[in-house]
Amino acid sequence: MLFAFSVAPSTTDDPNGSVSEAVAAALKVVQDSGLPHELGSMFTTVEGEWDECMAVIKHATEAVARFSPRVSLVVKADIRPGYDGQITAKVARVREHLKES
């Protein structure tokens with residue numbers, strides 16, 4: 001299963017409005033989980049089983065909550081039992097189609 005999520009504080013003391021320090025704390029949780037993951041500019045994608053991914057997302061949200069009393073979380077899931085390695089395989093399949101064009 002793939003879970004794309006975005007977690008950020010709803011408030012920040014940074015004069016530029018940056019939330020990167022809080023997002024870095026969330027990414028540290030993801031990295032420490034050992035699950036395959038990719039960081040994007042808007043979402044982090046993590047691959048694994050339902051319970052392990054949801055636990056990582058919960059702990060990442062808790063890490064961000066240390067920076068703000070209010071946190072925003074968006075989650076999108078691709079639930080496809082029996083398929084592993086899709087964090088890279090899905091992208092590879094699309095790139096193959098682009099070569100054909």
Side-chain donor/acceptor of [X] to backbone N/O of [Y], under 3.5 Å:
| X | Y | answer |
| --- | --- | --- |
| His97 | Arg95 | no |
| Ser18 | Asp14 | no |
| Glu47 | Ile87 | yes |
| Gln86 | Asp84 | yes |

Discussion item. One pair to check against side-chain contact (heavy atoms from CB on, under 4.5 Å): Phe3 and Lys76. What are the steps and the verdict?
Written reply: CA-CA 6 Å; Phe3 291 83; Lys76 181 177 181 179; over 6 Å; no
Worksheet item: Got a salt bridge between Glu96 and Lys99, using NZ or NE/NH1/NH2 to carboxylate O under 4.0 Å?
Response: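 Looking at Glu96 and Lys99, the cut-off is met.
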Item to complete: Quick one: do Asp32 and Val30 satisfy side-chain contact (heavy atoms from CB on, under 4.5 Å)? Show the steps, please.
Response: CA-CA 5 Å; Asp32 290 349; Val30 175; over 6 Å; no
Worksheet entry | Heavy atoms from other residues, nucleotides or ligands near CZ of Arg93 exceed 12 (cutoff 6.0 Å) |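 Buried by this count: over 12 neighbours within 6.0 Å.
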Euclidean distance, [Y] [atom2] relative to [X] [atom1], rounded to 0.5 Å:
| X | Y | atom1 | atom2 | answer |
| --- | --- | --- | --- | --- |
| Arg80 | Met1 | CZ | CE | 12.5 Å |
| Glu52 | Ser33 | CD | OG | 8.0 Å |
| Ser20 | Leu27 | OG | CG | 12.0 Å |
| Thr61 | Arg66 | OG1 | CZ | 11.5 Å |
| Asp51 | Lys58 | CG | NZ | 12.0 Å |

Closest non-hydrogen atom pair, [X] against [Y]:
| X | Y | value |
| --- | --- | --- |
| Val29 | Ala60 | CG1-N, 3.7 Å |
| Ala8 | Val19 | CB-CG2, 4.2 Å |
| Ala25 | Ala63 | O-CB, 3.9 Å |

Can [Y] be reached from [X] by stepping across I, L, V, M, F, W or Y side chains whose heavy atoms are under 4.5 Å apart?
| X | Y | answer |
| --- | --- | --- |
| Leu98 | Val91 | no |
| Trp50 | Val56 | yes |
| Val71 | Val46 | yes |
| Val7 | Leu39 | yes |

Within the 4.5 Å heavy-atom criterion, are [X] and [Y] side-chain neighbours or not?
| X | Y | answer |
| --- | --- | --- |
| Thr12 | Phe67 | no |
| Phe43 | Val74 | yes |
| Cys53 | Leu35 | yes |
| Ile57 | Leu73 | yes |

Discussion item. Ignoring hydrogens and geometry beyond distance, is a side-chain donor-acceptor pair present between Ser72 and Ser10 at under 3.5 Å?
Written reply: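 No, no side-chain donor-acceptor pair sits under 3.5 Å.
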Worksheet item: Do Val64 and Val23 pass the side-chain contact (heavy atoms from CB on, under 4.5 Å) test, and can you show the C-alpha distance, the side-chain angles, and the key distance before you say yes or no?
Response: CA-CA 7 Å; Val64 170; Val23 172; 5.7 Å; no
Item to complete: Take His37 and Gln31 through the test side-chain contact (heavy atoms from CB on, under 4.5 Å) and record every step on the way to the result.
Response: CA-CA 8 Å; His37 63 279; Gln31 290 174 333; 3.6 Å; yes
